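Below is one structure; the comments refer to it alone.
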There are 2 protein chains.
Amino acid sequence: MKPLLLYVEDDVNLSFVTKDNLELAQFQVVHCTNGLDAWRCFERQPFDLCILDVMLPQSDGFTLARQIRQIDAEIPMLFLSARADKDDRLQGLRLGADDYMTKPFSIEELILKINVFLRRRKPPVSAGSCQTIGLYQFNFQNLTLEKDGQLQTLTHREAEVLHYLMKRPNTLIRRDEILKTIWGDDDYFMGRSLDVFISRLRKRLGHDPSIRIENLHGIGFRFLF
Amino acid sequence: MKPLLLYVEDDVNLSFVTKDNLELAQFQVVHCTNGLDAWRCFERQPFDLCILDVMLPQSDGFTLARQIRQIDAEIPMLFLSARADKDDRLQGLRLGADDYMTKPFSIEELILKINVFLRRRKPPVSAGSCQTIGLYQFNFQNLTLEKDGQLQTLTHREAEVLHYLMKRPNTLIRRDEILKTIWGDDDYFMGRSLDVFISRLRKRLGHDPSIRIENLHGIGFRFLF
DNA sequence: GAATGGTTGTTAACGAGATGTTAATGAGTT
DNA sequence: AACTCATTAACATCTCGTTAACAACCATTC
C-alpha cells in the first residue's frame with residue numbers, strides 16, 4: 001500500500017512538479033493550496049506524513065502544524081520554507097516538525113527524508129490496512145475478515161481471490177482474467193478451483209445479505225455490495 | 001536516564017564546545033576522534049544515537065556508518081559535514097543517515113534534531129527493560145521470562161524469536177521475514193529450526209492461555225495476546 | 001418443452017507439503 | 001568429561017489447494 005502524504009503548498013508551479021515527482025516515487029499525494037483546505041483534508045482521512053509550506057494564505061504553516069499536532073502527536077511533519085534563517089528553522093522544530101527544508105530543495109533529498117520518517121514511524125498496533133465491505137473489515141496483509149468482533153482467518157488463496165474481487169466492485173470480472181492473474185494460467189481444473197473458492201467466500205460473507213458474488217454465465221463474476 | 005550519544009569528530013576545539021553543550025542539555029556523550037575508536041566504543045556498549053563527522057582520520061564517516069548500520073538497523077544517525085554540497089547529503093541519507101547538518105551548525109538546532117529522533121525511536125526493548133506479555137515479564141537483555149516469581153532463562157535464539165514476535169503482536173509475521181532477520185537467510189533447515197523454537201516458546205508460554213502463537217499455513221505466524 | 005451439452009454450485013475426498021514435537025547429533029564451552 | 005544449545009533427523013499430524021463427484025443451472029437446438 002502506498003503511503004499517503006498531505007502536501008500543502010500555494011505555489012502552483014512548484015507544487016505541480018513536486019506532486020508529480022512524489023507520485024513517481026510511489027507515494028499517494030493529496031495536495032492543498034491553503035491551510036484551511038489542508039485542515040479539512042486532515043480531518044477527513046488519516047495520513048502517513050505531512051509536508052507543509054510555512055508561508056500559506058489563511059493560517060500559516062505553523063498554525064496548521066499546531067492544529068495537527070494537537071490531534072496527532074505522532075505524524076511526521078516536514079516543513080518547507082523560502083526563508084533560510086535560523087530562527088525560522090528553530091521555531092519549526094520546536095513546534096514538532098521533524099525536519100525543515102529550504103527552498104529550493106532537491107526533490108531527491110525530499111524523498112529520502114520522507115523515507116527516513118516513514119521508516120521510523122512506530123508500527124501501528126495492528127498493522128496492515130483494512131478495507132470495509134458492508135459489515136466486514138477485510139485485512140489482506142493479515143488474512144483476516146472481521147465482523148463485529150468475530151474474526152475469521154482466511155487462507156492465502158481465499159484472501160487473494162477476495163482481494164481481486166474487491167478491487168473492482170460492481171463491475172464484470174472475467175473468469176480468465178482472475179485465473180491468469182492469480183493462478184498464472186487458465187485451464188479447466190483451475191477454473192473448477194476458482195469456483196470452489198467463490199463458493200467458500202460466499203459462505204464466509206454469508207452473514208451480510210447486502211454482499212453478493214454474482215455469476216455471469218460463461219463469462220465471470222460480479223462482486224456487489 | 002540520560003540518553004547516551006556517540007559523537008565522532010576530529011576537530012578538537014569544536015568537539016569540546018559541542019560536547020559541553022550537549023551535556024548541558026542533559027545528554028550523556030561519548031566522544032571519539034576517529035572511526036576506529038568509535039567502532040570499538042560502539043561494539044562495547046549500546047548507544048541511543050550517533051553523531052558522525054563525515055571527514056574522519058582512518059575510515060571516513062560513511063564507512064563507519066555502514067558498519068554501524070550492519071549491526072543496528074534502528075539507531076538514529078546524524079551526519080555533520082563541512083561540505084554543503086548536495087551529493088554529499090544525498091549519499092549520507094542513502095546510507096541510512098537520518099539527517100545531515102552542515103558546519104557551522106547551530107547547537108540549539110542540533111539538540112532539537114537529536115530530540116526529534118530520540119522521540120521517534122521505537123520504544124527500546126533493549127537496555128534491560130521488561131516487556132509484559134500477559135502474566136509474563138520478558139527481559140530480552142537478560143534472557144529471562146518471569147511469571148509470578150517463577151523465573152525461566154531462555155536461550156539466545158529463543159529470546160530472539162520471542163522478541164521478534166512481540167514487536168508485532170496480533171499481526172501476520174511471515175516465515176521468510178523472521179528467517180531473513182534472525183538467521184540471515186532462508187533455507188529448508190533454518191525453517192525447521194524456527195519451527196523447533198516456536199514449539200519451545202509455546203511450551204514456555206503455555207501457562208497463560210491468553211497467549212497464543214498461531215500458525216498460518218505456508219505463510220507464517222501470528223502472536224496473539 | 002424436451003433433449004443436449006456445457007457451465008456453475010456445493011460438498012467431500014485426496015495428497016503433497018507444511019508444521020508440531022521429541023529425540024539425536026555435534027560443535028563449542030566450562 | 002560434562003554441559004549447553006542450535007541444528008538436524010525422524011515421525012506424527014495437520015492444512016489447504018486441488019480434484020472428484022454429483023446436482024443444479026443455463027443456453028441452444030430440435
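If you're wondering where the values come from, they're calculated on a predicted model, not measured in any experiment. Throughout, a chain's letter reflects where its sequence line sits, starting with A, and its residues are numbered from 1.
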Using ring centroids (six-membered ring only for Trp), state whether B:Phe223 and B:Phe225 fall under 6.0 Å.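 They qualify: ring centres under 6.0 Å apart.
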Between [X] and [N], is there a side-chain N or O to OP1/OP2 distance below 4.0 Å?
| X | N | value |
| --- | --- | --- |
| A:Thr155 | D:dT15 | no |
| A:Lys203 | C:dT11 | yes |
| B:Ser199 | C:dT19 | no |
| B:Trp183 | D:dA6 | no |

Residue of the set A:Asp186, A:Asp195, A:Asp187 for which salt bridge (Lys or Arg N to Asp or Glu O under 4.0 Å) holds with A:Arg175: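 Among the candidates, only A:Asp195 passes.
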Distance under 6.0 Å and angle within 45° of the ring axis: does B:Arg200 meet both against B:Phe197?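 Yes, a cation-pi geometry holds between B:Arg200 and B:Phe197.
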Residue that, paired with A:Thr153, satisfies side chain to side chain donor-acceptor pair (under 3.5 Å) out of B:Arg222, B:Glu214, B:His217: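 Exactly one option meets the side chain to side chain donor-acceptor pair (under 3.5 Å) with A:Thr153, and it is B:Arg222.
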Of the options [options], whose atoms approach the side-chain atoms of [X] most closely?
| X | options | value |
| --- | --- | --- |
| B:Val196 | C:dT19, D:dA9, D:dA6 | D:dA9 |
| A:Asp195 | D:dA27, C:dG9, C:dT21 | C:dG9 |
| A:His156 | C:dG9, D:dG17, D:dT19 | D:dG17 |

If you take atom types as modelled and just measure distance, does the side chain of A:Arg192 reach the base of C:dG9 with a donor-acceptor pair under 3.5 Å?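 Indeed, a donor on one side and an acceptor on the other fall under 3.5 Å apart.
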hbond_proxy A:Arg200 side chain to D:dT18 base (donor-acceptor, 3.5 Å cutoff):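 Check passes, donor-acceptor contact within cut-off.
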